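Please read all numbers here as calculations on a predicted model, not as lab measurements. All residue numbers in this chain count up from 1 along the given sequence. What you see below is based on every heavy atom in this structure, not just the backbone, and it leaves out hydrogens, waters and symmetry mates.
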Amino acid sequence: MGEITNHPLIQRLTDEYGYPAIGMEEHDEFVADPAVNVLFFAGEPKKFGETVDVAVVLPEIISAFEGRLRPAVVTKEAEKELQKKYGFREWPSLVFVRAGGYLGVISRIRNWQEYLEEINEILRSEPRRP
């Protein structure tokens, strides 16, 4: 298993909240789950200032959706390859996948109401091409 971005607030997601670190080896099995899987692509916090903000709000998002979302942190080694797979351009990003099918992405930090609305829409959507 690879390493996640070295920042205390990102490390906290795996250490305190128990979110798995997902690399290329773990990816396919993780996203095959029929739950809505949320992959956190942190990027480099020094380059993308909003990364830390998303790391702080992610547990609140997971809590607000009461077990309907299954989070993971993508390892540094897997980020670029998986970014190509999912086709997003902005960092940080939350990629939503159900049973291996891409549902959508939310990039950068949003206000709380936008998160709620966009995630509810994603939860209702059918898998599509990234």
Side-chain angles (χ1 to χ4, degrees):
M1 187 176 348
E3 293 182 20
I4 61 171
T5 300
N6 186 17
H7 188 283
L9 291 172
I10 297 169
Q11 191 67 47
R12 173 176 162 244
L13 297 175
T14 58
D15 292 351
E16 285 183 36
Y17 290 98
Y19 298 178
I22 300 297
M24 293 307 297
E25 290 181 16
E26 300 87 8
H27 171 267
D28 290 351
E29 183 179 341
F30 185 82
V31 300
D33 193 280
V36 175
N37 305 289
V38 182
L39 303 176
F40 177 37
F41 288 79
E44 183 52 53
K46 289 179 181 156
K47 185 175 180 184
F48 308 108
E50 295 178 10
T51 290
V52 174
D53 297 329
V54 174
V56 169
V57 79
L58 182 57
E60 299 302 320
I61 292 169
I62 300 305
S63 177
F65 283 89
E66 300 174 335
R68 294 170 62 199
L69 302 174
R70 186 170 168 250
V73 180
V74 177
T75 65
K76 290 188 297 187
E77 297 83 5
E79 280 187 331
K80 290 292 185 193
E81 192 169 339
L82 289 175
Q83 177 202 20
K84 291 175 192 167
K85 175 181 178 67
Y86 292 116
F88 63 89
R89 290 188 171 88
E90 295 184 289
W91 297 81
S93 285
L94 299 173
V95 173
F96 296 80
V97 182
R98 179 177 56 227
Y102 172 82
L103 298 174
V105 63
I106 299 175
S107 296
R108 306 186 64 180
I109 192 72
R110 304 291 176 92
N111 72 46
W112 186 248
Q113 193 59 39
E114 288 174 313
Y115 275 125
L116 296 178
E117 290 170 6
E118 289 184 43
I119 293 169
N120 274 312
E121 189 173 314
I122 286 169
L123 289 171
R124 290 189 299 270
S125 68
E126 291 300 315
R128 62 185 190 273
R129 288 179 58 97

### Task
Determine, using the 4.5 Å side-chain heavy-atom cutoff (strictly less than), whether F65 and V95 are members of one ILVMFWY cluster.
no
### Query
Distance from F40 atom CZ to I4 atom CD1, nearest 0.5 Å?
9.0 Å
### Query
More than 12 non-hydrogen atoms from neighbouring residues, nucleotides or ligands closer than 6.0 Å to CZ on R128, yes or no?
yes
### Summary
Heavy atoms of P92 and V54 approach each other most closely as CG-CG2, 3.6 Å
### Task
Indicate yes or no: at least one non-hydrogen side-chain atom of H27 is less than 4.5 angstrom from one of L82.
yes
### Task
Tell me, yes or no, whether the heavy-atom count around E121 atom CD, taken from other residues, nucleotides or ligands under 6.0 Å, exceeds 12.
no
## Note on the structure
Rounding to 0.5 Å, atoms CD1 (I109) and CZ (F48) come to a distance of 15.0 Å
### Message
Tell me whether R110 contacts the main-chain N or O of S107 through its side chain, where contact means a donor paired with an acceptor under 3.5 Å.
### Response
yes
#### Entry: Sub-4.5 Å side-chain heavy-atom contact between R68 and N120
yes
### Task
Flag yes if V36 and Y102 sit in one hydrophobic cluster, no otherwise; membership is Ile, Leu, Val, Met, Phe, Trp, Tyr, and two members link when side-chain heavy atoms are under 4.5 Å apart.
no
### Summary
Tightest non-hydrogen contact, residues A42 and T51, listed as O-OG1, 2.5 Å
### Task
Take atom CD of E44 as the centre, draw a 6.0 Å sphere, and report whether it contains more than 12 heavy atoms from other residues, nucleotides or ligands.
yes
### Query
Same cluster for M24 and L39 if Ile/Leu/Val/Met/Phe/Trp/Tyr side chains link at under 4.5 Å?
yes
### Query
Between L69 and L123, is a side-chain contact (heavy atoms from CB on, under 4.5 Å) present by the stated rule, with each step listed?
CA-CA 9 Å; L69 302 174; L123 289 171; 3.9 Å; yes
### Query
Between CD of E79 and NZ of K84, what distance do you get to the nearest 0.5 Å?
13.0 Å
### Query
So how far is it from S125 OG to F96 CZ, rounded to the nearest 0.5 Å?
10.0 Å
### Task
Taking all non-hydrogen atoms of both residues into account, name the closest pair between G101 and P127 and its distance.
CA-CB, 3.8 Å
### Query
Taking all non-hydrogen atoms of both residues, which atom of N111 and which atom of E114 are closest, and how far apart?
OD1-N, 2.9 Å
### Message
Tell me whether the rings of Y19 and Y17 are parallel (<30°), tilted (30 to 60°) or perpendicular (>60°).
### Response
tilted
### Message
Donor-acceptor check, side chain of R70 to backbone of F30, threshold 3.5 angstrom: yes or no?
### Response
yes
### Student check: side-chain heavy atoms of Y115 and E60 closer than 4.5 Å
no
### Query
If two hydrophobic side chains count as joined below 4.5 Å and joins carry through other members, does V97 share a cluster with V74?
yes
#### Entry: Side-chain heavy atoms of P45 within contact of I10, under 4.5 Å
yes
## Note on the structure
Nearest heavy-atom approach of A72 to I22 is CB-CG1, 3.3 Å
### Query
Is the closest side-chain heavy-atom distance between Q83 and W91 below 4.5 Å?
yes
### Query
Are V57 and L116 connected in the hydrophobic side-chain network, where two residues link if heavy atoms are under 4.5 Å apart?
yes
### Query
Using the ring of each side chain (for Trp, its six-membered ring), is F41 parallel, tilted or perpendicular to F88, with breaks at 30° and 60°?
perpendicular
### Query
To the nearest 0.5 Å, what is the distance between CG (L94) and CD1 (I106)?
6.0 Å
### Query
How far does CD1 of I61 sit from CD1 of I119, to the nearest 0.5 angstrom?
4.5 Å
